[in-house]
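So you know, we letter chains A, B, ... as the sequences are listed, proteins then strands, and number each from 1.
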Number of protein chains: 2
Amino acid sequence: MTSRTRPDPEVAGDPVEADDAPSASGTTIDERQAAVLRAVVERYVATAQPVGSGTVARAGRLGVSSATVRNDMTILEREGYLVQPHTSAGRVPTDLGYRLFVDHFAADGQVPAGTRRAVSEFFAGAHHALEDLLHETSHLLARLTDHAAVVVGPPAESAVVRSAQIVALQPRVLLVVAVLSNGSVEKQTLTLDADTDDATVAAASAILDAALRGAAVTGLPVPPAAARGAGDAAASDLARRGAEALAAHAGQHEDLVYVGGASRLAAEQSSFSAADRAERLLELIEEQVAFASLLHVVLDADVTVRIGSENEAEELQECSLVLAPYPLGDSLGGTVGVFGPTRMDYRRALAAVAVVASRLGKRLSG
Amino acid sequence: MTSRTRPDPEVAGDPVEADDAPSASGTTIDERQAAVLRAVVERYVATAQPVGSGTVARAGRLGVSSATVRNDMTILEREGYLVQPHTSAGRVPTDLGYRLFVDHFAADGQVPAGTRRAVSEFFAGAHHALEDLLHETSHLLARLTDHAAVVVGPPAESAVVRSAQIVALQPRVLLVVAVLSNGSVEKQTLTLDADTDDATVAAASAILDAALRGAAVTGLPVPPAAARGAGDAAASDLARRGAEALAAHAGQHEDLVYVGGASRLAAEQSSFSAADRAERLLELIEEQVAFASLLHVVLDADVTVRIGSENEAEELQECSLVLAPYPLGDSLGGTVGVFGPTRMDYRRALAAVAVVASRLGKRLSG
DNA sequence: GGCTGGCACTCACTACACTGGAGTGCCAGC
DNA sequence: GCTGGCACTCCAGTGTAGTGAGTGCCAGCC
């Protein structure tokens, strides 16, 4: 349930290792300082206001005075976990601060009963096509976390053609359709120069089906050469064109991304520094392909959290992603995740993502 | 090119009829007052600042002093075309003011050369599946107008099944696929309690295809009863289940809506009074079905403009829609349109929507 | 040595008064 | 019927305190 492949630092007794601290001092922070950080993060996530030492001390969990908290905050700031927006304001967590929080305090894996129930109800319901299920899952996750959510479909690469056919829509317009093993359907329109008769289309469809059935969608089916004896050159030619059209399209076909709750980004606009950040993010989402590539990296980990500057993409510098892969049958499926401002309730997001990924995987595999 | 079915009021010489004016006086506004309104609208659209009498007079088109403009503005305000945000500010157009502007000054139908060229280039390019074309068209329209754009697909009602089949994805998971005459594909997964063999699936597929081919997608195909002699009861049963699944789904299947450039709503947030307006709109867009129903009403008109309160939906009260239907073959296709804040460049939007609708119709019909 | 209370200091935020300017309505005169 | 002039309104911007939350530092206490 932890994120990243980092040794889990000890919190009790021994000093917490500030492994990523930018300071060259190699200083560590102790247990109470970590608790202060925790209090600051929780408070800041709740209120969006810089948190002062008095607030933390008054909360009373630590049993120390505000002066002591102040001293700890000074250290936490020196070590890069907190920053002050300006002198005489409270402190705000840095990306590094969130990272420590996530690694130490967000990983207890408690899933709220309400979340668990909502997920169960959702997956108990009927869903038709794969696309619908994934799409609705993204909305479920958005509802649970109150952030935008993504569901990346199973990778297209592993799909195999289960059926292929050519259908006449209009006299000169044909549709080439391939049903893939992952439940998706590839289609391509084919416009002809002259009318074709039904028999030729049917023959071509049969040729195409025979040639493509069972073929992997990548390393695509070789177009059947002018085969089939000299029987029907027109049909054979048509089948070849159909195969080519499919191959050209399927080859560059990226995994589909379903985004739910993108509207929440508008509400989160105030959490971003640049005024057009939310707009840029929405644009990024609209370019599905580019967006999918940003989510792909997770595959091995259980749940991965990427906080602010840990993201490479410029647009995501002020965002956090909580991602988890889900299995599909015995192989790997896709990814589900949540993204919002770094000021995010990581515990809730982690719990929701984990449980949804797990249930979605079971649903798709069972 | 005009909107609504309202007699085009005379502007030259005769007084312009203030047909929708809320005042009981039945007063009319004259040509110069209309020109003042025009100047206010154009200026306000450009600057988003209330427009004062001095600004209009200084622009010089009218050749009258600011005092005269002031008098006209007073009348325009009394008649409901303008409002003052507060005393001693300039004037801002009302929905009624925009309506007059659209009816009188936005209808000259001049399409900028750049727009025309961009549209030509777009439709000259190759597009594969119908869905892709419509999706990309919505982005084209968004780019041209700098607002969010919608493209509603051809109505599903008129579609006819051109092919139907059942494909095995996994031993117990089947996919029922129907290719429709409008180029779309309906699919449904079917989960079985026991494994089936390929022969049964193939037989069921043949039965289904025979039964559904040519049937209208509405008033849906009656599931073939336990027919086909006693030959293969399992196949016949399977075909019936497939047909039922398709019918259940296709019956409630709404026309698809493609939205492009929704991210622009975030930038337009400042044009809305309520802070969460943009968020509400994005939510509305996410619920495709609900959104589509708001766009459907246009069918007869050439280009329709709905301004602010002319929209019935509560969420659209501060939005304007510019919509135009496009033909598909000989029947009616779908709708293309643009939507943004009432403070919108209507001339540009009208021109872009008209030309895109026309070219899209030709492309789909030719 | 580490926690604590106390204290001086910083600085954003708010309230308030003041001013400049854009805009208005009205009116007498051409 | 248009125009210039004039008094008035009121937003927006600026300068000035006052307030309070928060900080850093330090001496003292356990």
Side-chain angles (χ1 to χ4, degrees), chain A residues 13-16 27-37 39-41 43-44 46-79 81-94 97 270 273, chain B residues 13 15 27-37 39-41 43-44 46-79 81-94 97 270 273:
Chain A
D14 298 328
V16 175
T27 324
T28 57
I29 61 172
D30 65 20
E31 188 183 1
R32 196 189 58 213
Q33 284 153 6
V36 169
L37 175 67
V40 171
V41 169
R43 182 85 189 180
Y44 184 66
T47 66
Q49 297 296 323
V51 183
S53 56
T55 313
V56 173
R58 243 175 287 126
R61 298 270 191 95
L62 299 164
V64 294
S65 76
S66 68
T68 308
V69 173
R70 261 198 303 283
N71 290 333
D72 286 345
M73 280 179 159
T74 311
I75 296 172
L76 286 167
E77 182 164 11
R78 174 161 43 81
E79 298 300 320
Y81 298 104
L82 295 176
V83 280
Q84 264 181 304
H86 53 81
T87 342
S88 87
R91 255 77 170 204
V92 165
T94 62
S270 58
S273 62
Chain B
T27 324
T28 57
I29 61 172
D30 65 20
E31 187 184 3
R32 196 189 58 212
Q33 284 152 7
V36 169
L37 176 66
V40 171
V41 170
R43 183 84 190 179
Y44 183 67
T47 65
Q49 297 298 322
V51 183
S53 56
T55 313
V56 172
R58 243 176 287 125
R61 298 270 191 96
L62 298 165
V64 292
S65 75
S66 69
T68 307
V69 174
R70 264 201 298 285
N71 290 333
D72 285 346
M73 280 179 159
T74 310
I75 296 171
L76 286 167
E77 183 164 11
R78 173 163 42 84
E79 298 299 320
Y81 298 105
L82 296 176
V83 281
Q84 263 182 304
H86 54 80
T87 343
S88 89
R91 256 79 170 201
V92 166
T94 61
S270 57
S273 61

B:Arg32 CZ: over 12 foreign heavy atoms closer than 6.0 Å:
yes

Between C:dT10 and A:Thr87, counting only base atoms on the nucleotide and side-chain atoms on the residue, is there a donor-acceptor pair under 3.5 Å?
no

Can you measure A:Gln84 atom CD to C:dT10 atom C1' for me and round it to whole angstrom units?
10 Å

Would you confirm whether B:Gln84, through its side chain, and B:Ala89, through its main-chain N or O, come within 3.5 Å as a donor-acceptor pair?
yes

For C:dC3, does either OP1 or OP2 sit under 4.0 Å from a side-chain N or O belonging to A:Arg32?
yes

Can you find a pair of side-chain heavy atoms, one from A:Met73 and one from A:Val40, that are under 4.5 Å apart?
yes

How close do B:Val69 and B:Ala57 get, heavy atom to heavy atom, and via which atoms?
CG2-CB, 4.2 Å

Interatomic distance where NE2 belongs to B:His86 and P belongs to C:dA22 [whole Å]
14 Å

Got a second to check how far B:Thr94's OG1 is from B:Leu37's CG, nearest 0.5 Å?
8.0 Å

So that I can compare with my own list, what are the stems of DNA chain C, taken as at least three consecutive Watson-Crick or G-U pairs with distances under 3.5 Å?
C:1-30 with D:1-30

Which pair of heavy atoms, one from B:Val41 and one from B:Gly97, lies closest together, and at what distance?
CG2-O, 4.5 Å

Find the distance between CG (B:Leu82) and CD1 (B:Ile75) and round it off to the nearest 0.5 Å.
11.5 Å

To check you understand the geometry: which heavy-atom pair defines the closest contact between B:Ser53 and B:Ser66, and what is its length?
CB-O, 3.6 Å

Earliest and latest nucleotide of DNA chain D, 5' to 3', sitting under 4.0 Å from a non-hydrogen atom of chain B?
D:dC2 to D:dC11

Integer-rounded Å distance: C:dT4 C1' and A:Arg58 CZ
17 Å

Whole angstrom value for the distance that separates P of C:dG2 from CD of A:Gln33
11 Å

Hey, can you pull the residues of residues 62-72 of chain B with a non-hydrogen atom under 4.0 angstrom from DNA chain C?
B:Arg70

Mark yes or no for whether B:Gln33, through its side chain, and B:Asp30, through its backbone, hold a donor-acceptor pair below 3.5 Å.
yes

On a heavy-atom basis, the closest approach of B:Pro85 and B:Val92 is CG-CG2, 4.0 Å

Just how far is it from atom CZ of A:Arg91 to atom CZ of A:Arg70, taken to the nearest 0.5 Å?
9.5 Å

